Colleague: 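Below is one structure. I have some questions about it.
Only heavy atoms go into these numbers, but all of them, side chains included; no hydrogens, no water, no symmetry mates. Since we're looking at a predicted model, the values are computed, not measured.
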Amino acid sequence: MQDQHSFRVGVSAEAVRLARERAEIADASYRNVIAEAIAVMRAEGLSDRRIAAELDVSKSSIRAMAIGPEVDDESAAGQIEALRFGVWVDVAGMSGQHFIIEDDQLVSHERMALHGIDAELLRADPADTAAREYLHVTTGQRILVYSQERWKGRPDEAAEDGWDKRGRYRIERCPGLEEGRCADSHTPLLLGEIGLREGDDLFGNGWPVRRPTAHQVWKLLTAAIEETFEIFDPSYPELERRRPGTTPRYRARPGNGVPVTDSRRS
């Protein structure tokens with residue numbers, strides 16, 4: 001009897017192995033999400049005691065939970081990231097905050113190529129500035145933030161170092177991504193729509209009036225978009241830690257425990 005039905009033993013063992021693997025992936029995804037949530041709440045000025053109450057966990061566990069798991073297996077890491085990202089997508093849909101941040105690793109020239117936007121700089125000097133794209137999970141509409149310039153502007157033979165140190169960020173609406181060919185359907189999103197002023201999209205010290213750096217302007221524009229459209233960015237505390245600027249990521253609202261500052265620069 002044992003030899004006749006031995007395949008059942010093998011299938012049962014494989015099922016347990018697969019269930020364990022999926023449970024480990026789910027657990028790692030949970031640990032990533034809770035670590036991001038803790039980082040965001042800390043950045044918003046909440047104490048660990050308050051965070052523990054919000055997350056319904058013990059205060060003594062917050063320090064350990066604030067560190068996401070390390071994953072060496074590339075395949076498992078991809079599955080964990082997909083599940084983690086799916087959680088934020090689902091929350092965006094359920095909460096009515098329908099925009100999510102997608103493919104945040106792409107810089108400006110990569111974002112432009114994805115949408116078929118003609119590059120104004122040579123391939124040897126691609127626009128290396130930070131970019132961001134917001135996807136509406138219900139309609140598929142997108143908002144793009146990118147620059148045609150590098151962080152030091154455009155080539156200028158008359159300049160001492162060969163660059164004019166002037167750049168501008170562009171914000172565009174896309175009705176739906178068609179890889180490499182939807183640029184003609186894009187329309188501009190005006191600064192006034194997100195509570196900013198004329199000139200807030202300019203960066204570099206080559207202008208008649210000195211402007212903030214490219215990264216500072218990227219922070220200002222994306223923060224304004226996220227505040228206007230109520231877009232949740234779980235990565236912003238980590239971005240601030242890695243690439244600090246002279247202005248905060250978001251202008252704090254009165255009463256949240258964080259000093260109120262004005263992140264605009266003239």
Colleague: Is the shortest distance from a Lys or Arg side-chain nitrogen in R111 or E133 to a carboxylate oxygen in the other one below 4.0 Å?
Modeller: yes
Colleague: So, do Y134 and Q141 sit near enough that their side-chain heavy atoms are less than 4.5 Å apart?
Modeller: no
Colleague: Can we say R132 and E102 salt-bridge, meaning some charged N sits less than 4.0 Å from an Asp/Glu carboxylate O?
Modeller: no
Colleague: Ring centroid separation for Y169 and Y146, is it under 6.0 angstrom?
Modeller: no
Colleague: Check whether any side-chain N or O of E227 sits under 3.5 Å from a backbone N or O of A224 as a donor-acceptor pair, and report yes or no.
Modeller: no
Colleague: Who passes side chain to side chain contact (heavy atoms under 4.5 Å, CB included) against T228, sequence neighbours left out?
Modeller: I194
Colleague: Using the salt bridge (Lys or Arg N to Asp or Glu O under 4.0 Å) criterion, which residues pair with R168? Sequence neighbours excluded.
Modeller: D201
Colleague: Quick one: salt bridge (Lys or Arg N to Asp or Glu O under 4.0 Å) partners of R42, sequence neighbours excluded?
Modeller: D48
Colleague: Applying salt bridge (charged side-chain N to carboxylate O under 4.0 Å, His left out), which residue pairs with at least one partner in residues 61-78 are found, sequence neighbours left out?
Modeller: none
Colleague: Just grab all the ring-ring contact (aromatic ring centres under 6.0 Å, His included) pairs involving residues 8-41, residues at least two apart or on different chains.
Modeller: none
Colleague: With sequence neighbours left out, write down each residue that passes salt bridge (Lys or Arg N to Asp or Glu O under 4.0 Å) with D27, or none if nothing qualifies.
Modeller: none
Colleague: Take E24 and R20, measure what salt bridge (charged side-chain N to carboxylate O under 4.0 Å, His left out) needs, and give me the verdict at the end.
Modeller: CA-CA 6 Å; E24 290 171 351; R20 181 184 300 116; 5.2 Å; no
